[in-house]
Enquirer: 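Supplied in structure tokens, the structure appears directly below.
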Amino acid sequence: MSSPIRFLMCSPEHYDVDYVINPWMEGNIHKSSQQRAVEQWQKLYHVLKDKAIVDLVPPEKGWPDMVFTANAGLVLGENAVLSRFLHKERQGEEPHFKKWFENNGFTVHELPQDLPFEGAGDALLDREGRWLWAGYGFRSELDSHPYLAKWLDIEVLSLRLIDERFYHLDTCFCPLANGYLLYYPGAFDSYSNRLIEMRVAPEKRIAIKEADAINFACNAVNVESIVIMNKASDNLKARLAEVNFQVIETPLTEFLKAGGAAKCLTLRVTEPVREEIHATTQVESRIIRMQGHLLDSGLINRALDLIVDNGGSFKVLNFHLGEQRQSTSDAQVSVSAPSHEVMETIFSHLIDLGAVNLPEDERDAKLQPVEQNGVAPDDFYVSTIYPTEVRINGEWVKVKNQRMDGAIAVTQTPKGLVAKCKILRDLEVGEEVVVDVQGIRTIRKTESREKRNAEEFSFMSAGVSSERRVELVVEQVAWELRKIRDTGGKVVVTAGPVVIHTGGGEHLSHLIREGYVQALLGGNAIAVHDIEQSIMGTSLGVDMSRGIAVRGGHRHHLKAINTIRAHGSIAKAVEAGVIPNGVMYECVKNNVPFCLAGSIRDDGPLPDTQMDLIKAQTEYAELLEGTEMILMLSTMLHSIGVGNMTPAGVKMVCVDINPAVVTKLSDRGSVESVGVVTDVGLFLSLLVQQLDKLTSPYTAEVI
Ligand SMILES: NC(=O)c1ccc[n+]([C@@H]2O[C@H](COP(=O)([O-])OP(=O)(O)OC[C@H]3O[C@@H](n4cnc5c(N)ncnc54)[C@H](O)[C@@H]3O)[C@@H](O)[C@H]2O)c1
Ligand SMILES: NC(=[NH2+])NCCC[C@H](N)C(=O)O
């Protein structure tokens with residue numbers, strides 16, 4: 001005969017809504033009817049007394065939420081983990097609940113003062129006793145879960161709550177007898193929903209709709225086949241009946257005003273221990289160090305936000321603020337995640353922000369061999385645009401060929417270890433690849449705002465009006481182009497055919513002719529329409545001087561392609577005098593190398609167009625080698641492709657009429673890249689004018 005089920009309740013003698021610590025309380029201060037609250041509580045009490053033993057803890061004046069005994073703590077067997085309330089409005093309840101637990105023979109475990117955990121409100125046992133579901137995100141901290149696992153000797157499954165209406169796990173999650181689960185999926189992040197689906201078979205999962213959830217249908221007390229709750233829709237009652245649960249509705253509207261209902265008002269204090277079940281928790285914790293202008297550059301905020309946004313939690317262990325404006329700060333932050341998988345995700349983002357995993361300082365990067373050409377080991381670290389170092393045999397090795405979306409391949413050479421970014425298809429058996437996230441650090445130059453603004457390439461903030469912003473960017477780009485040209489540096493342009501369609505061809509030709517461009521990357525179309533314009537004066541069949549479509553103009557670009565195919569290459573056509581001017585003409589005449597990467601939508605294509613995409617990417621990468629600045633002119637495809645293969649530190653200017661394209665490229669970091677939303681033809685025209693100003697002889701105005 002199993003021991004009788006017992007619950008702990010607390011009469012609502014002092015219950016009221018005296019403050020707001022959850023969304024349900026807003027607008028309800030002192031609006032709860034004491035009389036109705038007592039009636040509703042009494043009804044619940046008597047319903048429960050028919051099914052179980054109900055103990056009472058005396059209410060205490062000044063602690064109105066003490067009626068919600070679910071938050072007294074968490075009981076399993078003879079162990080009780082006392083709650084550690086997040087809000088001071090409830091912290092005074094702790095000693096009263098502690099006294100009750102001790103007086104009733106429980107071993108009371110107490111969490112550190114600054115580690116919130118709100119008892120069975122945020123931790124619910126699987127009714128088969130197999131594991132403990134534990135919520136975090138609003139009240140309880142993820143870091144409390146390993147304590148629960150240790151003290152209660154049970155596996156803890158961490159679930160992240162994301163909807164503040166469901167701020168305690170028991171408001172949206174109710175394990176039922178026979179392994180059933182009543183829950184509201186919308187209250188959890190996707191990782192947690194996946195975890196629930198992995199542990200509870202589909203036929204046992206009763207996912208409810210929002211209408212039932214906001215009636216606190218999940219905040220239910222389950223005793224064998226009985227489910228006691230505030231209110232349930234007919235559909236939900238029917239679904240529960242199908243799996244042999246009987247719903248007993250008992251109105252608790254006065255308590256909903258404080259954000260609680262049936263389950264909140266009770267604490268089950270007889271939770272059977274299963275001897276064969278033992279502690280495990282997936283929760284991982286690590287300490288990271290961040291250095292630099294953490295506040296100025298917003299890095300610390302971005303780091304803490306991404307930890308939470310990716311399902312983790314953090315605690316700032318120490319933060320040393322730089323004394324002077326130009327001095328750097330240093331922070332150590334404890335990061336926790338519900339699983340290794342989530343920790344890895346968080347860490348890969350933190351590494352991009354320049355965080356170093358403190359214990360990992362002393363630990364080498366993990367390497368695994370390439371088992372199959374062109375295939376990386378699972379869990380390989382994905383490289384970013386930022387300079388990266390990996391720790392191998394106790395030494396930090398700088399990664400070569402830095403680029404995003406690659407793997408870091410490590411090989412032993414006569415000159416020692418070499419680590420370099422490789423795209424997956426280039427990996428070879430015999431190499432080793434960095435996996436996981438330990439022993440990796442990126443070098444982020446976080447300048448102070450002053451230093452950043454002093455940077456010649458630091459553009460005005462987005463606040464500048466778009467017109468003024470275009471002029472400003474044009475001035476800066478012109479300055480940069482002239483400086484790079486005059487110092488023998490390298491500028492690469494990637495351009496789409498819209499440059500030609502908008503009349504920008506003559507200006508791009510000027511830039512090439514005047515030595516501002518050292519390589520041109522594009523597709524079939526930029527060349528086709530440039531040559532069409534050069535030979536026939538049209539672009540896409542439109543007369544560029546008159547702006548009107550010409551008869552048969554739609555065939556012009558095909559005729560241009562055909563002409564070049566007849567000559568065998570663009571260069572041969574230029575040499576033959578077939579192409580008298582234009583962008584491609586200037587490239588050939590000024591020995592500016594170009595690569596035209598093929599695409600599915602190409603006409604022809606031109607004989608110069610590289611239809612082998614892998615070769616095209618290789619040629620792009622070779623032409624990008626050593627570039628100081630890239631102008632990305634109205635081509636989403638090629639701009640993104642180039643961005644993906646370009647390391648940090650290369651200045652980028654993305655010009656496009658579509659803000660989404662511009663944003664995608666300028667998100668790389670404010671110092672090194674800028675986006676300009678404008679017509680590309682106008683941009684190029686202004687740029688050439690500005691360059692002419694900068695390079696024309698200075699004529700002092702004689703007054
Ligand atoms: N005839 C052909 O062979 C042919 C024709 C077209 C495209 N293509 C090929 O298709 C691929 C994709 O072509 P893509 O790069 O031109 O297309 P894309 O869609 O990748 O990029 C075009 C970009 O131009 C922007 N844009 C449009 N009007 C603009 C304006 N007035 N000012 C500034 N930006 C403007 C758009 O917002 C877009 O981002 C390329 O490889 C190209 O060679 C071939
Ligand atoms: N287990 C629960 N959901 N308890 C409800 C607690 C309500 C209380 N007003 C609070 O915000 O803490």
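Numbering of ligands and ligand atoms starts at 1, following listing order. These numbers come from a predicted model, not from an experiment.
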Enquirer: State yes or no: are the ring centers of F188 and F173 separated by less than 6.0 Å?
Expert: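 Ring centroids of F188 and F173 are less than 6.0 Å from each other.
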Enquirer: For ligand 2, is there an atom lying under 4.0 Å from some heavy atom of K263?
Expert: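 Judged by the 4.0 Å heavy-atom criterion, K263 does not count as contacting ligand 2.
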Enquirer: Under 3.5 Å, is there a donor on one side chain and an acceptor on the other for H556 and T538?
Expert: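 A pair is found: one side chain offers a donor N or O, the other an acceptor, under 3.5 Å apart.
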Enquirer: Is R90 touching ligand 2 with its side chain, its backbone, both, or neither, if touching means heavy atoms under 4.0 Å apart?
Expert: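 For R90, the contact with ligand 2 is made by the side chain alone.
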Enquirer: Using the side-chain hydrogen bond (donor to acceptor under 3.5 Å, both in side chains) rule, take H96 and E93 through it: C-alpha gap first, then chi angles, then the decisive distance, then the call.
Expert: CA-CA 6 Å; H96 303 295; E93 299 173 34; over 6 Å; no
Enquirer: What protein heavy atom is closest to atom 5 (C) of ligand 2, reported as residue, atom name and distance in Å?
Expert: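 For this ligand atom, the closest protein heavy atom is Y167 OH, 3.4 Å.
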Enquirer: What atoms in ligand 1 come closer than 4.0 Å to a heavy atom of S599?
Expert: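 Result: 9 (C), 10 (O), 11 (C), 41 (O).
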Enquirer: Just jot down the ligand 2 atoms closer than 4.0 angstrom to any heavy atom of T171, in number order.
Expert: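 That gives atoms 3 (N) of ligand 2.
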Enquirer: Could you tell me which atoms of ligand 1, counted from 1 in the order shown, lie closer than 4.0 angstrom to a heavy atom of G523?
Expert: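 Numbered from 1, ligand 1 contributes 41 (O), 43 (O).
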Enquirer: Identify the closest protein heavy atom to atom 42 (C) of ligand 1: which residue and atom is it, and at what distance?
Expert: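 Protein heavy atom with the smallest distance to atom 42 (C) of ligand 1: A525 CB, 3.7 Å.
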Enquirer: Centroid-to-centroid, Y15 to F255, below 6.0 Å?
Expert: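 Centroid distance Y15-F255: below 6.0 Å, so yes.
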Enquirer: Which of these, D679, D656, I640, has its nearest heavy atom closest to atom 37 (O) of ligand 1?
Expert: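 That would be D656.
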Enquirer: Within a distance under 4.0 Å of any heavy atom of G121, pick out the atoms of ligand 2 and give their elements.
Expert: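 Counting atoms of ligand 2 from 1, those under 4.0 Å from G121 are 1 (N).
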Enquirer: Could you tell me, atom by atom, which parts of ligand 2 come under 4.0 Å of a heavy atom of C264?
Expert: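 So the atoms of ligand 2 that pass are 1 (N), 2 (C), 3 (N), 4 (N), 5 (C).
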Enquirer: Give me the residue, atom name and distance of the protein heavy atom closest to atom 20 (O) of ligand 1.
Expert: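 For atom 20 (O) of ligand 1, the nearest protein heavy atom is L637 N, 2.8 Å.
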Enquirer: If you measure from the Lys or Arg side-chain nitrogens to the Asp or Glu carboxylate oxygens, is any gap between R6 and E271 under 4.0 Å?
Expert: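 Between E271 and R6 there is no salt bridge, as every charged N stays at least 4.0 Å from the carboxylate O atoms.
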Enquirer: Record the part of V498 in heavy-atom contact with ligand 1 below 4.0 Å; permitted values are side chain, backbone, both and neither.
Expert: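 Side chain only; the backbone of V498 stays clear of ligand 1.
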Enquirer: Within a distance under 4.0 Å of any heavy atom of N71, pick out the atoms of ligand 2 and give their elements.
Expert: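 The atoms of ligand 2 under 4.0 Å from a heavy atom of N71 are 1 (N), 2 (C), 4 (N), 5 (C), 6 (C).
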Enquirer: Looking at D65, which atoms of ligand 2 are within less than 4.0 Å of one of its heavy atoms?
Expert: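 Atoms satisfying the 4.0 Å criterion: 8 (C), 9 (N), 10 (C).
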Enquirer: Is it true that F216 and W24 have ring centroids separated by less than 6.0 Å?
Expert: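 Yes - the distance between ring centres of F216 and W24 falls below the 6.0 Å cut-off.
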Enquirer: Does a side-chain heavy-atom distance below 4.5 Å link D603 with V528?
Expert: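 Side chain of D603 against side chain of V528, heavy atoms only: no contact under 4.5 Å found.
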Enquirer: Short list, please: which atoms of ligand 2 are under 4.0 Å from a heavy atom of M25?
Expert: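 Per the distance check, 9 (N).
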Enquirer: Measure the CG-CD distance between D65 and E89 for me, rounded to the nearest 0.5 Å.
Expert: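 It is 9.0 Å, given to the nearest 0.5 Å.
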Enquirer: To check your reading of the model: name the closest protein heavy atom to atom 17 (O) of ligand 1, its residue, and the distance in Å.
Expert: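 Looking at atom 17 (O) of ligand 1, the protein heavy atom closest to it is R601 NH1, 4.1 Å.
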Enquirer: Of the listed options (D603, I526, I657, L558), which comes nearest to atom 35 (C) of ligand 1 when hydrogens are ignored and any heavy atom counts?
Expert: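 Comparing heavy atoms across D603, I526, I657, L558, the nearest one to atom 35 (C) of ligand 1 lies in I657.
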Enquirer: Looking only at distances, please establish whether an N/O atom of ligand 1 is found under 3.5 Å from an N/O atom of V528.
Expert: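 By distance alone, the answer is no.
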Enquirer: Output the distance between atom CE (M25) and atom CG (D18), rounded to the nearest 0.5 Å.
Expert: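 Those atoms lie 8.0 Å apart.
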Enquirer: Hey, is ligand 2 close enough to N219 that some N/O pair sits below 3.5 Å?
Expert: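 Checking ligand 2 against N219, no N or O pair falls under 3.5 Å apart.
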Enquirer: Against heavy atoms of D602, which atoms of ligand 1 measure under 4.0 Å?
Expert: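 In order of numbering, the contacting atoms are 3 (O), 8 (N), 9 (C), 43 (O), 44 (C).
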Enquirer: Using a strict 4.0 Å cut-off to heavy atoms of N658, name the atoms of ligand 1 that fall inside it.
Expert: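 Taking each heavy atom of N658 in turn, ligand 1 has 37 (O) under 4.0 Å.
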Enquirer: Could you check atom 14 (P) of ligand 1 against the protein and tell me its nearest heavy-atom contact, residue, atom and distance included?
Expert: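 Minimum-distance protein heavy atom for atom 14 (P) of ligand 1 reads T635 OG1, 3.9 Å.
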Enquirer: Start with the C-alpha gap between S313 and E141, add the side-chain angles, then the distance that decides, and say whether side-chain hydrogen bond (donor to acceptor under 3.5 Å, both in side chains) holds.
Expert: CA-CA 7 Å; S313 69; E141 262 302 317; 3.2 Å; yes
Enquirer: Heavy-atom distances under 4.0 Å decide this one: backbone, side chain, both or neither, for H501 against ligand 1?
Expert: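 None of H501 does.
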Enquirer: Pick whichever of R139, E93, E89 has a heavy atom sitting closest to atom 11 (O) of ligand 2.
Expert: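 Shortest heavy-atom distance from atom 11 (O) of ligand 2: R139.
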Enquirer: As an exercise, identify every atom of ligand 1 less than 4.0 angstrom from a heavy atom of T678.
Expert: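 That gives atoms 32 (N), 33 (C) of ligand 1.
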Enquirer: For ligand 2, which atoms sit closer than 4.0 Å to a heavy atom of D170?
Expert: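 This gives 1 (N), 2 (C), 3 (N) as the contact atoms.
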Enquirer: Mark up the atoms of ligand 1 that fall under 4.0 Å of a heavy atom belonging to P497, in ascending order.
Expert: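 Close to P497: 16 (O).
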Enquirer: Which atoms of ligand 1 sit under 4.0 Å from any heavy atom of V661?
Expert: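 Listed by number with element, the hits are 39 (O).
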Enquirer: Give the numbers and elements of all ligand 2 atoms closer than 4.0 Å to a heavy atom of G259.
Expert: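 So the atoms of ligand 2 that pass are 5 (C).
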Enquirer: Return the closest protein heavy atom for atom 40 (C) of ligand 1 as residue, atom name and distance.
Expert: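 Going by distance alone, atom 40 (C) of ligand 1 is nearest to H638 NE2, 3.3 Å.
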Enquirer: Which ligand 1 atoms does T502 reach within 4.0 Å, using its non-hydrogen atoms?
Expert: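 It comes down to these atoms of ligand 1: 31 (N).
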Enquirer: At what distance is the nearest protein heavy atom to atom 19 (O) of ligand 1, and which residue and atom is it?
Expert: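 For atom 19 (O) of ligand 1, the nearest protein heavy atom comes out as M636 CE, 4.3 Å.
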Enquirer: Is any N or O atom of V655, backbone or side chain, closer than 3.5 Å to an N or O atom of ligand 1?
Expert: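 Between V655 and ligand 1 (N or O atoms, distance only) the closest approach is not under 3.5 Å.
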